[in-house]
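Read the structure below first, then the notes.
Residue indices begin at 1 and follow the sequence shown. Basis for what follows: all heavy atoms, side chains included, without hydrogens, waters or symmetry-related copies.
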Amino acid sequence: MKTFELKGEIRSDFGKKAATELRKQDLIPCNLYGGESNVTFAVKTNDVRKLVYTPDTQVVELEIGGKKHHAVVKELQFHPVKELIFHIDFLEVNEKKPVTVEVPVQLTGLAEGVKAGGKLSLEARKLKVSAIYTNLPDRVVIDVTNLGLGKKIQVCDLQFEDYKIMNVPDQMVAQVKATRASKQA
């Protein structure tokens with residue numbers, strides 16, 4: 001999993017007025033949970049763009065007040081009309097406690113059903129994965145080479161050694177749908 005470095009400033013003022021003032025200064029209010037104590041801080045908007053606007057899941061190395069913390073993004077809040085980031089919640093991670101995050105799905109291979117005229121459909125773009133943060137994958141890679149026409153892959157069909165998928169077992173991940181051309185053939 002990729003690591004993203006981010007520097008933050010500890011903030012002492014709380015509440016709606018303080019958050020509005022931070023946003024006027026082009027800063028985003030943030031919280032860090034899950035460690036010894038909760039930390040409230042602010043980061044520059046430009047510093048988090050490459051963290052937020054990417055499909056990859058990344059471990060964030062936060063430097064707040066001279067201390068370093070390893071964390072993952074737990075929740076993002078956006079302005080309802082403008083695409084401005086309102087707030088970010090980080091969850092501190094360590095080597096002892098597993099963490100659950102959403103990881104993008106990547107399909108590999110040419111499915112047999114596609115060769116027969118079907119259409120491959122990715123039904124779940126992200127899956128919830130639970131693991132120790134050092135074992136979290138960049139992407140959940142699924143080989144669809146043996147997937148025939150009208151067949152599907154569900155969460156219960158997926159088994160991985162380093163991490164566990166936490167979605168509902170009967171959730172569909174990918175399927176090969178029959179097209180009109182394949183039905184006529």
| query | Does the side-chain contact (heavy atoms from CB on, under 4.5 Å) test come out yes or no for Asp89 and Leu91, once each step is laid out? | reply | CA-CA 7 Å; Asp89 282 338; Leu91 179 66; over 6 Å; no

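Scanning all heavy atoms of the two residues, the minimum distance from Ala42 to Leu27 falls at CB-CB, 4.3 Å. Of all heavy-atom pairs spanning Ala18 and Asp13, the tightest one is CB-CB, 3.5 Å. Here the shortest heavy-atom pairing between Ala111 and Val176 reads CB-CG2, 4.0 Å. Counting all heavy atoms, side chain and backbone alike, Gln154 lies closest to Asp170 at NE2-O, 3.3 Å. Asn31 and Tyr33 get closest at one heavy-atom pair: ND2-OH, 3.0 Å.
Annotation: side chain of Glu61 is in contact with side chain of Lys68 (closest heavy-atom distance under 4.5 Å). Considering only heavy atoms from C-beta on, Leu136 stays 4.5 Å or farther from Val93 through its side chain. You'll find the side chain of Val155 stays beyond 4.5 Å of the side chain of Val168, heavy atoms only. For the pair Leu32 and Glu92, the minimum side-chain heavy-atom distance is below 4.5 Å. A heavy-atom distance below 4.5 Å is found between the side chains of Val48 and Leu6. Two residues are said to be in side-chain contact when any heavy atoms from C-beta on lie closer than 4.5 Å; Asn94 and His70 fail this criterion. Side chains of Val129 and Phe160 form no contact here, defined as non-hydrogen atoms less than 4.5 Å apart. In this structure the side chain of Glu75 never reaches within 4.5 angstrom of the side chain of Phe90, judged on heavy atoms.
Note: Leu76 CG to Leu51 CG = 7.5 Å, rounded to the nearest 0.5 Å. Rounded to the nearest 0.5 Å, atoms OG1 (Thr108) and CG (Asp143) are 4.5 Å apart. For the atom pair NZ (Lys67) and CG (Leu62), the distance works out to 13.5 Å, reported to the nearest 0.5 Å. The NZ atom of Lys177 sits 12.5 Å away from atom CG of Leu149, with the distance rounded to the nearest 0.5 Å. The structure places CG of Leu127 at 5.0 Å from CD1 of Ile165, a figure rounded to the nearest 0.5 Å. Taking NE2 of His79 as the reference point, atom CZ of Arg23 lies at 9.0 Å (rounded to 0.5 Å).
Counting only N and O atoms by type, the side chains of Glu123 and Ser121 include a donor and acceptor under 3.5 Å apart.
In this structure, Asn167 contributes its side chain and Lys128 its backbone to a donor-acceptor pair below 3.5 Å. No side-chain donor-acceptor contact under 3.5 Å links Ser130 to the backbone of Lys164.
Phe78 and Tyr53 have tilted rings, their planes meeting at an angle from 30° to 60° on a 0 to 90° scale.
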